[in-house]
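Letters A, B, ... mirror the listed sequences (proteins, then strands); counts begin at 1.
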There are 2 protein chains.
Amino acid sequence: MIEKERVTISDIARLAGVGKSTVSRYLNDGSVSPKTRAKLDAVVKEYDYEPNRFAQSLKKTTSGMIGVVVPTFASFSLTEMMRGMDHVNQDDFFLTINTYHDAKRQVEAVKQLAQQNVDGIIVMTGQVTDEMTAALEQVSVPVIVQGQPSTQFETVNVDNQHAGELLLPLIADGEPSDVLLLGVDPSVDYNVGQVRFDAIIKALDGKMKRVYTSFERNETIEVMRDYLATHELPKYIIAATDIIALGALAAVQEQGFNVPDDVKIVAFDNSPAAEIVTPALTTVGFDYFVLGQWLYRRLKDLSQAEPVLHDPMLAGSLVRRTSW
Amino acid sequence: MIEKERVTISDIARLAGVGKSTVSRYLNDGSVSPKTRAKLDAVVKEYDYEPNRFAQSLKKTTSGMIGVVVPTFASFSLTEMMRGMDHVNQDDFFLTINTYHDAKRQVEAVKQLAQQNVDGIIVMTGQVTDEMTAALEQVSVPVIVQGQPSTQFETVNVDNQHAGELLLPLIADGEPSDVLLLGVDPSVDYNVGQVRFDAIIKALDGKMKRVYTSFERNETIEVMRDYLATHELPKYIIAATDIIALGALAAVQEQGFNVPDDVKIVAFDNSPAAEIVTPALTTVGFDYFVLGQWLYRRLKDLSQAEPVLHDPMLAGSLVRRTSW
DNA sequence: TTGTAAGCGTTATCAC
DNA sequence: GTGATAACGCTTACAA
């Protein structure tokens, strides 16, 4: 860590024997004579000049930073979306805030990002509370919400409705009462807790069983233990996420049941975990890498151009393995 | 998204009928009379004033941002460390750059962060290349390296040497030739690829088998397939990470072998994946959440105070499950 | 093409 | 305790 005092645009100007604005032009538009350009090339290289971002941003009122609010880092869909965003990123920095699934921290995050003068905000969330809506309305830069439908804000989502329809053939022969829907409270995550099941609920005329748990595997194990202690083993378990399915799997296996012979399990997400358990999970996969690319591109679009017609939805597909 | 033109410190001053510097003092030190304070309280609240960070940073030459260079987001240790950092974070923002295990991007990331005027940089890496060293030397803010030993830079690490010693009792009775070390090339990650095995190699006098793979489960499956096609099944497999162990597990199971009866497997990290596979993995766990806290605290220390004596190391512990 | 000068929104100095 | 005034490093009219 070497102390090197910063060389400024004035220094460069003086050293090159030109004016500040010439240096500025040299760095930006580029309307300079070949002669001065050459001189500046040399000086800038020699002194390893880097413009001060704060000064630049103070003038330009744009920061080159995009705020990202995420509910957790420990999630396949999240890391894939971020990878997608990185993949198409031009030269923005991502200022990411992890809210740990906390609605209050989520609101705080938006306010903090706004104060940091980010050029746009991407919010990944299961829940857009009223406070959140209020906070997002205050923001003066483009905002995209991922994870929930919204009429107020731009959204980019996977098509959860369609994903649920993909499972219809699987339960075509079964009795509604054979089916257990294992998900989260819709008020916590409407897309995951409700929309993924909509088609199934409609097909079964609401006559299936339904249990709520959290996104955690361990908690789901508890929930399923309790359920199995007081109910018959269902023939089919449809879990809202792979992780939830993992909990159900562990719970039924510890009771000595066989999957898929005694009970079949299907889930959503197609995360790596689905492949490593025994039996491997049949699950509806989404290309979150592509979704991440959409997110970034959409945000950049909003920063510049005309409003777009409607919010894009990414279709998933059923990946058949051995759990169903 | 409502357009609200920013209200500046001058606006507040004018509206409150005081000078700019009084407002500034009000916002910072606080040496103002009760009367003006009350007036400013009101005005600031009414107009919802927020200071412009760019202007502040331009003056103060500090940004409130900490740069974090990570090799991937899709890793338990990484997400836990970030959680630890968040947990003790005072009010810094993390500007995180994912390098996707690419040494070149890693160097780029450091340079970019330096240009962003971050107040410090935390580098998580398996590999400190010469270019990386050069880049880090250019940086004028505190730097901490996590993941590799270093004599030049401050480090905060788990104690990989000690972690390897923890496995010595497991192989005390075995023949050296029964043991397969399954890891990564030390030049790719010295700590994970070499130091974790040091104690074992010494104890076995270098007479065990050793195979290199990558950090990927799928690639490890391939590597192990090839290995098993040309070698006898080892009695013991010691994998450098849980994910690598997962690959080995899948490869031996697809050959019909039983774990732990035919071959025992142990690994390092104690990630959630270790719990969900069958059989569950015996593995050396580290408290990466605590390590993350250390990282942040250490960086803040370096920003202010005296140099510290030596770089801290966090001990791991053996978590026994059924794979060994 | 070039340079001068006036800001951008803060903080810091220093008389009052 | 207060308020001009001068920076901080850059961009951008505007004149030359």
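- A donor N or O paired with an acceptor N or O is not found under 3.5 Å between the base of D:dG1 and the side-chain atoms of B:Ser31.
- Taking the six-membered ring for Trp and thresholds of 30 and 60 degrees, A:Phe76 and A:Tyr288 have ring planes more than 60 degrees apart, a perpendicular arrangement.
- Side-chain N/O atoms of B:Arg25 and base N/O atoms of D:dG3 include a donor-acceptor pair closer than 3.5 Å.
- Note: CG (A:Leu58) to C1' (D:dC10) measures 8 Å, nearest angstrom.
- In this structure, A:Asn98 and A:Val70 have side chains that are in contact, with non-hydrogen atoms separated by less than 4.5 Å.
- Side-chain nitrogen and oxygen atoms of A:Asn28 include at least one within less than 4.0 Å of the OP1 or OP2 phosphate oxygen of D:dT11.
- At the phosphate of D:dC10, neither OP1 nor OP2 sits under 4.0 Å from any side-chain N or O atom of A:Tyr26.
- A:Asn117 places its CG atom 13 Å from the C1' atom of C:dT10, with the value rounded to the nearest Å.
- Between the NZ atom of B:Lys39 and the P atom of D:dG1 there is a distance of 16 Å, given to the nearest Å.
- Rounded to an integer number of Å, the gap from CD1 of B:Ile12 to C1' of C:dT11 is 16 Å.
- When the side-chain nitrogen and oxygen atoms of A:Ser24 are compared with OP1 and OP2 of D:dT11, one or more of them lie within a distance under 4.0 Å.
- Here D:dA6 is the nucleotide among D:dA6, C:dT1, D:dG9 with the atom lying nearest to any side-chain atom of B:Lys20.
- Between B:Ser57 and D:dC8, a side-chain N or O to OP1/OP2 separation shorter than 4.0 Å is absent.
- Taking only distance into account, the side chain of B:Lys59 never meets the base of C:dT10 through a donor-acceptor pair shorter than 3.5 Å.
- One atom, NZ of A:Lys35, and another, P of C:dT2, lie 10 Å apart when rounded to the nearest Å.
- Taking the six-membered ring for Trp and thresholds of 30 and 60 degrees, B:His101 and B:Phe215 have nearly parallel ring planes, at less than 30 degrees apart.
- Residue B:Thr61 has no polar side-chain atom (N or O) positioned under 4.0 Å from OP1 or OP2 of D:dC8.
- An OP1 or OP2 oxygen of C:dG9 is reached within less than 4.0 angstrom by no side-chain nitrogen or oxygen of B:Gln56.
- Checked against D:dT2, C:dG9, C:dT2, the side chain of B:Thr22 finds its nearest nucleotide in D:dT2.
- Distance, A:Arg53 CZ to D:dT11 C1': 15 Å, rounded to whole Å.
- Across C:dT2, C:dG3, C:dG9, the shortest atom-to-atom separation from the side chain of A:Val18 is found for C:dG3.
- By the 4.0 Å N-to-carboxylate-O rule, B:Arg298 lies too far from B:Asp301 to be salt-bridged with it.
- Atom-to-atom, CG of B:Asn52 to C1' of D:dC8 comes out at 13 Å; the value is rounded to the nearest Å.
- Heavy atoms of B:Ser21 sit under 4.0 angstrom from at least one base atom.
- Using a 4.5 Å heavy-atom cutoff, the side chains of A:Asp86 and A:Tyr296 are not in contact.
- Between A:Asn117 and B:Phe54, the shortest heavy-atom distance links the atoms ND2-CE1, 3.1 Å.
- Atom CD of A:Glu50 and atom C1' of D:dC10 are 14 Å apart (whole Å).
- Residue B:Lys60 places its side chain closer to C:dT11 than to any other of C:dG9, D:dT11, C:dT11.
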